[in-house]
Amino acid sequence: MDLRDALRIPAADVTPEDVWKQRRRLVAGLAALPALGIAGCAEAEPPLPPAPTPAPAQVQDGFSTDEEPTRWEDATSYNNFYEFGSGKSDPSRAARTLRTHPWQVEVGGECGRPGVVDLDGLLEGLLPEERIYRLRCVEGWSMVIPWLGVPLASVLRRFEPTSRARYVAFTTLADPEQMPGVRQRTIRWPYREGLRIDEAMHPLAFLATGIYGRPLPQQNGAPVRLVVPWKYGFKSIKSIVEIRFTEKMPPTSWNQLQPREYGFFANVNPRVDHPRWSQATERRIAGTTSRLVANRIETRLFNGYADQVASMYSGMDLARWY
Ligand code: MTE
């Protein structure tokens, strides 16, 4: 079955077992491929599949967009992944050595079924979905990226969070042997992020194992990363090795480093400026325009996902709780 066809089948459809198994192998395969050195090396790969045409319902519910996508070349060479250096092109060069197979994730804290699972176990039985999301970095640039993966809520539910689980904390691998940036004291390693439980369970919150119909390259957070499209990009933590349900708001890396600059919620908000960067507009890196002169467009509240997510913050002062 063609990858695009596999992804277009709505998850709600009844799926014959053989088709389901084939798709299951596809996701597992996508997660495993970077370890074989296949991802992260665009030149050696077959051509990208054609850009998908979003169904109107998907656009409406925020699962897709008809905005021009960012080029693969840009999305995989202009990255933030401090474990591999602080320059935008450092990760695409340095992350090739990251071993993403085998990969285990420890899940614990306030849940009924804690444990250590490999990536196959984490994704077992879940159908791969494609989401085309806007990614807005607090530095003032943005992209449009077709992700491949599964809803975060489907993964979290299988660990049976208890009623005391009010937050979910995520941690990235911090291995100085494989990650040269971890040998420097830029941030306090490991990289940590967190969400409130209702945010984590929101249908837009996504665990990605691929982009553009291909396995996730190391520089983009292989083999599994978070994607939270209504928040600034630093919330979308890469290369996750631990997920923890907590009662208290967990510490997060950028907030620990500079609490006045990086909030826990970090919802995209054009009216709340970062001390160093205005958030009113953004440089949209999409299509073939040069990254340096990319289109400047107006930033939207919650990165354009207000219809879907604003109700989670009703009564909250969005400026105070940035
Ligand atoms: N996750 C880890 N572990 N380390 C990082 O440095 N950078 C964050 C986020 N996730 C980061 C991370 C930031 S600041 C952004 S904008 C996005 O990843 C960038 O994702 P991309 O490189 O795939 O565009």
Side-chain angles (χ1 to χ4, degrees), residues 34 39-40 69-95 98 100 103 105 131-149 169-176 178-182 184-195 206-212 214-243 252-258 261-263 266 268 274 276-277 279 282-286 291 294 299 303:
T70 298
R71 291 187 315 155
W72 157 273
E73 292 83 350
D74 290 328
T76 58
S77 67
Y78 189 86
N79 300 100
N80 276 334
F81 201 169
Y82 279 71
E83 287 84 338
F84 296 98
S86 52
K88 290 284 177 287
S89 57
D90 292 340
S92 55
R93 283 197 300 263
L98 175 66
T100 56
W103 191 270
V105 181
R131 301 285 177 88
I132 308 179
Y133 284 158
R134 295 175 285 278
L135 173 78
R136 169 66 157 81
C137 179
V138 73
E139 295 163 344
W141 53 267
S142 63
M143 296 190 182
V144 175
I145 300 183
W147 303 101
L148 193 65
F170 303 86
T171 308
T172 295
L173 177 74
D175 178 2
Q178 299 186 71
M179 301 169 135
V182 171
Q184 287 154 19
R185 290 179 178 270
T186 36
I187 61 178
R188 210 185 296 167
W189 309 108
Y191 192 103
R192 294 179 195 280
E193 258 312 330
L195 296 172
F206 201 60
L207 269 187
T209 56
I211 46 172
Y212 302 87
R214 289 181 180 175
L216 205 54
Q218 284 97 327
Q219 62 267 34
N220 292 85
V224 62
R225 73 171 290 173
L226 188 64
V227 187
V228 197
W230 69 96
K231 294 178 179 284
Y232 290 115
F234 65 86
K235 298 293 291 180
S236 292
I237 182 171
K238 298 178 171 183
S239 306
I240 297 168
V241 289
E242 191 187 344
I243 300 177
T252 57
S253 291
W254 290 103
N255 182 251
Q256 273 185 324
L257 188 71
Q258 193 44 273
E261 296 194 8
Y262 307 100
V268 174
H274 180 277
R276 282 179 283 143
W277 302 291
Q279 299 300 341
E282 65 202 56
R283 192 163 45 90
R284 171 60 59 84
I285 303 168
R291 294 199 295 234
T299 289
N303 202 21

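In this text the structure is predicted, and so the values were computed from the model without any measurement. The basis for the numbers below is simple: all heavy atoms, side chains too, and nothing from hydrogens, waters or symmetry mates. We count ligands from 1, going down the list as the structure has it; atoms in each ligand are counted the same way.
When each atom of ligand 1 is checked for a heavy atom of Leu135 under 4.0 Å away, the hits are 24 (O). Per-residue contacts place Glu83 under 4.0 angstrom from the following atoms of ligand 1 (heavy atoms of the residue considered): 2 (C), 3 (N), 4 (N), 5 (C), 6 (O). Taking every heavy atom of Phe81 and a limit of under 4.0 angstrom, the matching atoms of ligand 1 come to 2 (C), 3 (N), 4 (N), 5 (C), 6 (O). For ligand 1, the atoms closer than 4.0 angstrom to any heavy atom of Thr172 are 3 (N). Near Asn79, meaning under 4.0 Å from one of its heavy atoms, ligand 1 places the atoms 21 (P), 22 (O), 23 (O).
Ring geometry for Trp254 versus Tyr191: interplanar angle over 60°, hence perpendicular rather than tilted (30 to 60°). Phe84 and Phe81 have perpendicular rings, their planes meeting at more than 60° on a 0 to 90° scale where under 30° would count as parallel.
A salt bridge between Lys88 and Glu139 is present, with a side-chain N of the basic residue lying under 4.0 Å from a carboxylate O of the acidic one.
Counting only heavy atoms from C-beta outward, the side chains of Leu98 and Ser239 approach each other to under 4.5 Å. Taking the side chain as every heavy atom from C-beta outward, Trp189 and Met179 never approach each other to under 4.5 Å.
Relative to the six-membered ring of Trp141, Arg136 misses at least one condition, a distance below 6.0 Å or an angle of at most 45° to the axis.
In summary, the aromatic rings of Tyr232 and His274 are positioned with their centroids too far apart to meet the 6.0 Å limit.
Scanning for salt bridge (charged side-chain N to carboxylate O under 4.0 Å, His left out) contacts around Asp90 gives Arg93, with sequence neighbours left out. Remark: Arg134 engages Glu67 in a salt bridge (charged side-chain N to carboxylate O under 4.0 Å, His left out) (not counting sequence neighbours).
Looking at Cys137, Gly85, Ala208, it is Cys137 that brings a heavy atom closest to atom 16 (S) of ligand 1.
Here the protein heavy atom with the shortest distance to atom 10 (N) of ligand 1 is Ser236 O, 2.9 Å. For atom 14 (S) of ligand 1, the closest non-hydrogen atom of the protein is Asn80 ND2, 3.5 Å. Of the protein's non-hydrogen atoms, Tyr191 CE1, 3.2 Å is the one closest to atom 5 (C) of ligand 1. Of the protein's heavy atoms, Gly233 O, 3.5 Å lies nearest to atom 17 (C) of ligand 1.
Looking at ligand 1, you won't find any N or O of Gln219 less than 3.5 Å from one of its N or O atoms. Considering backbone and side-chain atoms together, Trp141 places no N or O closer than 3.5 Å to any N or O of ligand 1. Polar contact check, Lys238 against ligand 1: a nitrogen or oxygen pair lies under 3.5 Å apart. Taking any N or O of Trp147, backbone or side chain, none lies under 3.5 Å from an N or O belonging to ligand 1. Considering backbone and side-chain N/O atoms, Asn220 comes within less than 3.5 Å of an N/O atom of ligand 1.
Looking only at distances, no side-chain donor or acceptor of Ser86 sits under 3.5 Å from a matching main-chain atom of Tyr82.
Shown are Arg284, Glu282, Gln279; of these, the side chain to side chain donor-acceptor pair (under 3.5 Å) with Thr299 is made only by Glu282.
Heavy atoms from both the backbone and the side chain of Tyr82 come within less than 4.0 Å of ligand 1. At a heavy-atom distance under 4.0 Å, only side-chain atoms of Arg225, from C-beta outward, approach ligand 1.
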